[in-house]
Amino acid sequence: MTLSIDRRTAVRPALDAVRRLWWLCAAVSLIALAAAAVLAVVDPAEVNWVVWLRGSVVAVASLVFVVVTRAVARGSRRAFTRMRWISILAPIGIGLIIVSPDSGYPLWMKIEQGLIGVLIVVIAVLLNSREMRAAFPKES
């Protein structure tokens with residue numbers, strides 16, 4: 001299904017914001033990976049395999065969602081639905097990482113993940129707006 005020109009135009013500013021937020025998530029993750037590289041040298045106890053894995057996965061996933069946002073902007077309801085679900089579920093997982101005492105994540109990484117979680121909550125708010133949902137109606 002493709003969106004009408006009017007509906008695409010109406011949600012374009014929100015989708016542009018979503019795209020920028022995914023870029024910001026990627027940037028925060030890449031900065032965290034750079035910090036991990038420095039910490040691995042100066043304080044190796046602050047960096048473990050979990051930090052490298054999570055930081056890398058979040059950076060790559062954020063970049064993938066930049067591309068997915070383009071598909072949404074072209075009218076893909078499937079891409080829209082996937083991104084909506086991820087934007088709802090990801091902050092829940094991040095919250096569990098933050099509150100779990102034995103997650104393996106150092107405090108600095110929990111703070112970084114909290115920032116990512118806040119950005120994704122903003123994405124979820126944008127994607128779940130009435131206007132956005134109306135632009136991607138369920139197929140009958």
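FYI, side chains are in, hydrogens and waters are out, and symmetry mates aren't considered; it's all heavy atoms of this structure. Treat the numbers as computed from the prediction; the structure is a model and nothing was measured.
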Side-chain donor-acceptor pairs under 3.5 Å in residues 87-95, sequence neighbours left out?
unit_1	atom_1	unit_2	atom_2	d
S87	OG	M83	O	3.3
S87	OG	R84	O	2.8

Taking the side chain as every heavy atom from C-beta outward, state whether F80 and M132 have any pair of such atoms under 4.5 Å apart.
yes

Mark yes or no for whether D16, through its side chain, and R19, through its backbone, hold a donor-acceptor pair below 3.5 Å.
no

Taking only residues two or more places apart in sequence or in another chain, which ones pass side chain to side chain contact (heavy atoms under 4.5 Å, CB included) with V64?
V60, V68

Side chains of R77 and P137: does their closest heavy-atom pair fall under 4.5 Å?
no

Only pairs under 3.5 Å count here: list side-chain donor-acceptor contacts from residues 119-127, not counting sequence neighbours, and write none if there are none.
none

List the atom of V51, the atom of A36, and the distance in Å for their closest heavy-atom pair.
CG1-CB, 3.8 Å

Would you call F136 and V72 a side-chain contact if the rule is heavy atoms closer than 4.5 Å?
yes

Where is the tightest heavy-atom contact between K110 and P101, given as atom of each residue plus distance?
NZ-CA, 4.4 Å

Is V42 linked to M109 within one hydrophobic cluster, defined over Ile, Leu, Val, Met, Phe, Trp and Tyr using a side-chain heavy-atom separation of less than 4.5 Å?
yes

Which heavy atom of V11 sits nearest to which heavy atom of A135, and what is that distance?
CG1-CB, 3.6 Å

Backbone of N128 reached by a side-chain donor or acceptor of R133 within 3.5 Å:
yes

Could you give the distance from CD (E112) to OH (Y105), rounded to the nearest 0.5 Å?
10.0 Å

Taking every non-hydrogen atom, the tightest pair across A10 and E131
O-OE1, 3.6 Å

With sequence neighbours excluded, residues passing side chain to side chain contact (heavy atoms under 4.5 Å, CB included) with E46
L39, D43, P106, W108

Non-hydrogen side-chain atoms of L33 and W52 separated by less than 4.5 Å:
yes

Contacts of type side chain to side chain donor-acceptor pair (under 3.5 Å), residue Q113, not counting sequence neighbours
R54

I'd like to know if V57 and V50 are part of one continuous hydrophobic network [Ile/Leu/Val/Met/Phe/Trp/Tyr, side-chain heavy atoms within less than 4.5 Å].
yes

Could you list the donor-acceptor pairs under 3.5 angstrom formed by side chains in residues 20-31, with sequence neighbours left out?
unit_1	atom_1	unit_2	atom_2	d
S29	OG	C25	O	3.1

